[in-house]
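Owing to the predicted nature of the structure, the values given are computational and were not obtained by experimental measurement.
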2 protein chains.
Amino acid sequence: MTITEVSKKFDLSQDTLRYYERIGLIPSVNRNKGGIRDYTEEDCKWIEFIKCMRNAGLPIEVLIEYVGLFQQGDATIDARKKLLTEQRDQLIARMEDMQKTLERLNCKIERYEQAIIPIENELKKSED
Amino acid sequence: MTITEVSKKFDLSQDTLRYYERIGLIPSVNRNKGGIRDYTEEDCKWIEFIKCMRNAGLPIEVLIEYVGLFQQGDATIDARKKLLTEQRDQLIARMEDMQKTLERLNCKIERYEQAIIPIENELKKSED
DNA sequence: GTAACACTTGAAGTTAACTCTAAGTCAAGA
DNA sequence: TCTTGACTTAGAGTTAACTTCAAGTGTTAC
């Protein structure tokens, strides 16, 4: 798979894909004789995983560490589990914060809905 | 209330408080005869609101716009409601993304706990 | 054969959101 | 009186995460 195809498939720019590879956020991709990237299915799985984690706000630095641990093999399973567990807990904390904010926004929006009605009534009065 | 007190109360640095005021993220704070900020209860409410919204990831730019609309009075109620509604919808979308990632992380962690070697370890063979 | 085009690299530039620095004012304490 | 320390401002610096640029290579279309 070419970078153009992968870029379209995951809606990530070619620049971002090259950047991710350069910093070790995805394992390095094989090149053909012309030096051009040829992504395998496995590469795509990594990209999809990383994209998902980044969408949820996991920092690049942490994900680089995860990829690094992964490439070191089974000896790092414990460390990987620890890393993922920490990130999961932080994710839950962020979601709880967001839930609070969501409720607050909903309250505010509801109040604005009620505030608009009196104004509309004012307008009606002045019309007749 | 002094900036030191407000800083401690909300766990925001003094620099951040001054920065927020400078860019219009909170309405401007009164100064005493010496030119030193004296925060009112009202100021604190704004700060608390902004902190909550920032924690949930609402962009500063959008919040500045909200504060601006607020200061223009009742004529902007519709616009404010629209702005908040858009932000709420985006917040929900982000939370849904995060929920998916959370489930995925939980799966992965569970697999590590069960000491089942993840499928991706197969991939490792090809690279070093 | 040459022009267009997709790709390569390393490095510089951008954006959001702070964070720090420098230079200065002012009130209180030894 | 002098010094300490909290505060002021404008502006420069930092960090994360891209994004763009410059210069060059290799493949395809006419």
Undergrad: Hey, which of these two, B:Gln14 or B:Arg22, hits DNA chain D nearer its 5' end, going by closest nucleotide?
TA: B:Gln14

Undergrad: Would you mind reading off the distance between A:Asn30 atom CG and C:dT8 atom C1', rounded to a whole angstrom?
TA: 16 Å

Undergrad: To the nearest Å, give me how far apart CG (B:Asp38) and P (D:dA6) are.
TA: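 That distance rounds to 18 Å.
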
Undergrad: When you measure from the side chain of B:Arg31, which nucleotide among C:dT19, D:dT9, D:dT19 comes out closest?
TA: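 From the listed options, D:dT9 comes nearest.
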
Undergrad: Rounding to a whole Å, what distance do you find between B:Ile64:CD1 and C:dA16:P?
TA: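 Between P of C:dA16 and CD1 of B:Ile64: 10 Å.
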
Undergrad: Whether the B:Asn106 and A:Arg88 side chains hold a donor-acceptor pair (N or O, under 3.5 Å, no angle test) is what I'd like checked.
TA: yes

Undergrad: Under 4.0 angstrom, heavy atoms only, what part of the nucleic acid is B:Arg54 near: base, sugar-phosphate, or nothing?
TA: sugar-phosphate

Undergrad: Does A:Tyr20 make a side-chain N or O approach to OP1 or OP2 of D:dC18 shorter than 4.0 Å?
TA: yes

Undergrad: Determine whether a donor-acceptor pair (N or O, by modelled atom type, separation under 3.5 Å) exists between the side chain of B:Glu5 and the backbone of B:Thr2.
TA: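 Side chain of B:Glu5 to backbone of B:Thr2, a donor-acceptor pair under 3.5 Å: yes, one is there.
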
Undergrad: At under 4.0 Å, does any side-chain N or O of A:Arg18 touch on OP1 or OP2 of C:dT9?
TA: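 For C:dT9, OP1/OP2 do not have a side-chain N/O of A:Arg18 under 4.0 Å.
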
Undergrad: Under a plain distance cut-off of 3.5 Å, with no hydrogens placed, do A:Glu86 and A:Gln90 share a side-chain donor-acceptor pair?
TA: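 Absent: no donor and acceptor within the cut-off.
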
Undergrad: Does A:Arg37 make a side-chain N or O approach to OP1 or OP2 of C:dT9 shorter than 4.0 Å?
TA: yes

Undergrad: Rounded to the nearest Å, what distance is computed from the NZ atom of residue A:Lys8 to the P atom of nucleotide C:dC7?
TA: 9 Å

Undergrad: Using whole Å, report how far CD1 of B:Ile23 lies from C1' of C:dT15.
TA: 14 Å

Undergrad: Looking at B:Asn55, I'd like to know if its CG atom is crowded, meaning that more than 12 non-hydrogen atoms belonging to other residues, nucleotides or ligands lie closer than 6.0 Å.
TA: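 Above 12, so yes.
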
Undergrad: Mind calculating the distance between CG (B:Leu12) and P (C:dC18) to the nearest angstrom?
TA: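 Atom-to-atom, B:Leu12 to C:dC18, this comes out as 8 Å.
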
Undergrad: Starting at atom CD1 of B:Ile36, determine the distance to atom P of D:dC7, rounded to an integer number of angstrom.
TA: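 Distance check: B:Ile36 CD1 to D:dC7 P gives 7 Å.
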
Undergrad: Side chain of B:Ile60, heavy atoms from C-beta onward: which of C:dA17, C:dC20, D:dC7 has the nearest atom to it?
TA: C:dA17

Undergrad: Report yes if at least one side-chain N or O of A:Thr4 is closer than 4.0 Å to OP1 or OP2 of C:dC7; otherwise report no.
TA: yes

Undergrad: Output the rounded distance in Å from CG (B:Asp15) to C1' (C:dC18).
TA: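 The distance from CG of B:Asp15 to C1' of C:dC18 comes to 9 Å, rounded to the nearest Å.
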
Undergrad: When you check the phosphate oxygens OP1 and OP2 of C:dA6, does a side-chain N or O of A:Thr2 lie under 4.0 Å from one of them?
TA: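 The answer is no; no side-chain N or O of A:Thr2 sits under 4.0 Å from OP1 or OP2.
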
Undergrad: Just by distance, with hydrogens left out, do A:Tyr66 and A:Arg80 show a side-chain donor and acceptor under 3.5 Å apart?
TA: no

